[in-house]
Amino acid sequence: VVLEAGDALLHRVPEHARAADVTWRQSQLAIAHGWTDRAVADLDRMAKQHATDRRAPLAATERGEVLFRANRYDEAGAAFEAALAASQAQHADSLVRIAQRALPVCAYRAADAAVAADSNAYAHHAARFEQVAARWPAYELSPLAQYRAGLAYGRAHQPREAVRAMQALLQAYPRCPYAGDARLQVARTFEEMHDLEPAAQAYLEFSRGETDRENAAAAWLKAAELLAAAGRQGAADSLRLDYIRRWPGDVEGAMAIMEALARRDLAAVDAQHPVSRLLGPPARARAAAQAQPVSHLADYLRRAAAHPKLASRDVIAQVRFLQGEEANTPFAALRLTQPLARSVPAKKAMLDTVLVRYRRSADLGVPAWAHASAFRIGQALQGFAEALENSEPPADLSGDDLRAYRNVLAEKASAFSARGDEVWSQLLRQQDPDSTGDAWVAQARAALYGRLAHRFLFRPEVTFPLVEAGGPSRVPEADTNAGAPADSAAPSTRTARALARREGAPR
Amino acid sequence: MSGRTPSTVRIRPSAARTRVLACLALAIAVLPVTGCGARLFSRRGPAPVTAAAARPAGRQAPQAAAAQDPRDPFWAFQSAERHVAADSLAVAEAELHRALELDPAYAPALALLSKLYFDNGRHRDAITLLEPVRLQPDAYPARARQMLLAGLALHEDALGDSLRAREALALVADAGAQQAGSVAAYVALRGEAPEAATALAKDAARHDGHSAVNQNNLGIARLRSGDVDGARHAFADAIGRDPSLPGPYYNLAILEKYYRFDDATAARWFAEYWNRSHDDPDGLRTVFATGATPDAPQTGARP
């Protein structure tokens, strides 16, 4: 009744002297009764038509509050903008502060409501959240708004915008609760864009800022991995070595890192860079433990000795194999010269060293290196036999004496070559007969078959050629029907068969 | 790699070199000597003749026929054939000489006498017998000449003179002649460069793939070139074609033991071989225990 009476009065006399009072009264009644639209309309009329009234700023503010309570945040934001202006015009400072506090809240709630209304409009959401953070950086939820802007850009498949938003967050609020995750998001986004170096840098920043040690460690290694993928092997190695220093408790990780570096060392081994240089001089255990390793490989082997369960048998087998190779080179090059009483024991000692080293590699049971070592052992034995056979003879030997000398050597050499054959045979015996095996097995097979081809005489057979007698006073012809049935064979053929039945005779 | 050293070239040291050899012995005394599976340097010689075969009834009796034309060497040759079949080798040889007295270039008698010499290890006699063929090849019909020269090559080879054997074979114009091809492969397989035998063995098998001999030799060539499965197939084929031929069993024993490392199968093949021949060019007898008599292998299959 009051509202209708007021409406009637204002309709009849819009410029009534108490119009502001009536309007104000109506608005308060509507607020009291929870009539939102009515209250919003009355308060709007109060603020605009009676702008000079001292209650106008309050009306504008209340209008914003009514709209906010009705979850109409965009309208509430606009209402508070108007309230702010009205309050500032009348120097109502407390209302100014209220409006100023309300504005970012309304903007954030509006953005949040937009997400609820349409969860797929990511780019739109991102822009709204970013506006909140940009306009009201001091607002307590601005870091979250900026973070959500970054996330939304990412979901909108705008990775560069996402990175920019997250980096803005990190610049403005480096210590905010979202900073760590923002760094991670930046890193992942760069990684997805295959910007490997920036991604690595972002992971590093994440790692440095991360309080969770496990996450920080993983991010550090990830950064190294990305740098390596970007071709910056040196930087990656530095990071990995830093990792070992920063996280000394991760023994397994350190072993994995050093194994990779050790393998790279091993890959560079050749005649000019033998493995012994990587291992350093042998030293007493105590001194060795204190000395700085001369290479990553040496470092790895030291760690492997301390943690044998974590050691790669493959790496150790390769090291031992390469030690065998290193000993094998001078062994193979050494010729047996006169006097043999001196040179044979010297070469034999080298052979023993070679065999021991390859055997130590084979004993680890790593198939590839066991095969390689077995092949080399056989090869070394064959090489010794060859060296013996081809050794320098005494200068004054010739003729039969020289041949006799050679025969004695050949007899001794055959023992070594037979041992070599047996080593290769053992290697091949362990293989699946239907598989070709690896390259070392193939080499051993080819070498053994080559030896067997010359070692055995085998038993070839022959059909002794006979000539068929054509008959009395007839030109003889060659017997060409050796395969014909017996009952049709010519006499000479039958003779051949009769002879062939004699044991050991040509057919 | 040590080559194949025929036992015929092994030489004893003279007393004058005892000092040098003593030094050598001292030098290599440090070397451990372990057993070697197979004898490396032995060669197979001709096997003894131990069995005779009954000869089926033939054509006209030689005595009666010879009475018709006593100057025709055919009759003496035919008589020799009958005596060979009856295991009367001395008489056969005499008959062959009689044929050659009638016609020194009578090729059937030359060839058969050459084979008798071969079986008895009388290679020098055979070479003397066949030398005229080498010197005057045009005196003999073409195909007969090829057979005689091929036989000559076998004798040269048996004496360890592979060079002269190859020279004799080089005179065989038509290397595609079945038996000459077989001889060429055989001589090459026994030579110092057995890898050269591969093409000859393949050629021989191509010209006469039904020959167990050729399949056996092809198997050896394949084995030496590393084709183990192909070799096994060829040996099995040879056994299937002529189960009495000893070579494939011997070679399969080597294949299974040294190439496939199947000792049990190898021993069974060797036992089968030993039932057929005691010729042992590689000294396998010392490797295999041959006491047990294995079951007869299936033709063309593993025992």
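Note that these values count all heavy atoms, side chains included, but never hydrogens, waters or copies made by symmetry.
Considering CZ of Phe77(B) and CD of Glu468(A), their distance stands at 8.5 Å, rounded to 0.5 Å. Interatomic distance, CG of Leu428(A) versus OH of Tyr258(B), reported as 14.5 Å (0.5 Å rounding).
Of all non-hydrogen atoms in Asp282(B) and Leu457(A), the two that sit nearest each other are OD1-N, 2.5 Å. Heavy atoms only, all atoms of each residue included: Pro460(A) and Tyr186(B) are closest at O-CE1, 3.6 Å. Shortest non-hydrogen contact noted between Leu466(A) and Ala111(B) is CD2-O, 3.6 Å. Residues Gly226(B) and Tyr449(A) approach most closely at CA-CD2, 3.7 Å, considering heavy atoms. Heavy atoms only, all atoms of each residue included: Phe464(A) and Gly151(B) are closest at CZ-CA, 4.0 Å.
Residue Ser114(B) touches chain A through both its backbone and its side chain, counting heavy-atom pairs closer than 4.5 Å. In this structure, the portion of Tyr250(B) lying under 4.5 Å from any heavy atom of chain A is its side chain and not its backbone. Val187(B) does not touch chain A: none of its heavy atoms, backbone or side chain, sits under 4.5 Å away. There is no contact between Asp227(B) and chain A, counting heavy-atom distances below 4.5 Å.
With Arg459(A) contributing its side chain and Asn251(B) its backbone, the two residues share no donor-acceptor pair below 3.5 Å.
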Would you tabulate the side-chain donor-acceptor contacts of residues 331-340 of chain A under 3.5 Å, counting partners in other chains and residues two or more places apart, or write 'none'?
from: Gln338(A); atom 1: NE2; to: Glu392(A); atom 2: O; distance (Å): 2.6
from: Gln338(A); atom 1: NE2; to: Tyr405(A); atom 2: OH; distance (Å): 3.1

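Taking Arg320(A) as the reference, nothing meets the side-chain hydrogen bond (donor to acceptor under 3.5 Å, both in side chains) condition, with sequence neighbours excluded.
Contact of the Asp263(B) side chain with the Arg429(A) side chain is registered, since non-hydrogen atoms from C-beta on lie closer than 4.5 Å. Counting only heavy atoms from C-beta outward, the side chains of Glu461(A) and Pro246(B) approach each other to under 4.5 Å. Residues Phe458(A) and Leu223(B) meet the side-chain proximity criterion, which asks for heavy atoms closer than 4.5 Å.
When each of Leu189(B), Leu154(B), Asn217(B) is checked for a side chain to side chain contact (heavy atoms under 4.5 Å, CB included) with Val462(A), only Leu154(B) meets the rule.
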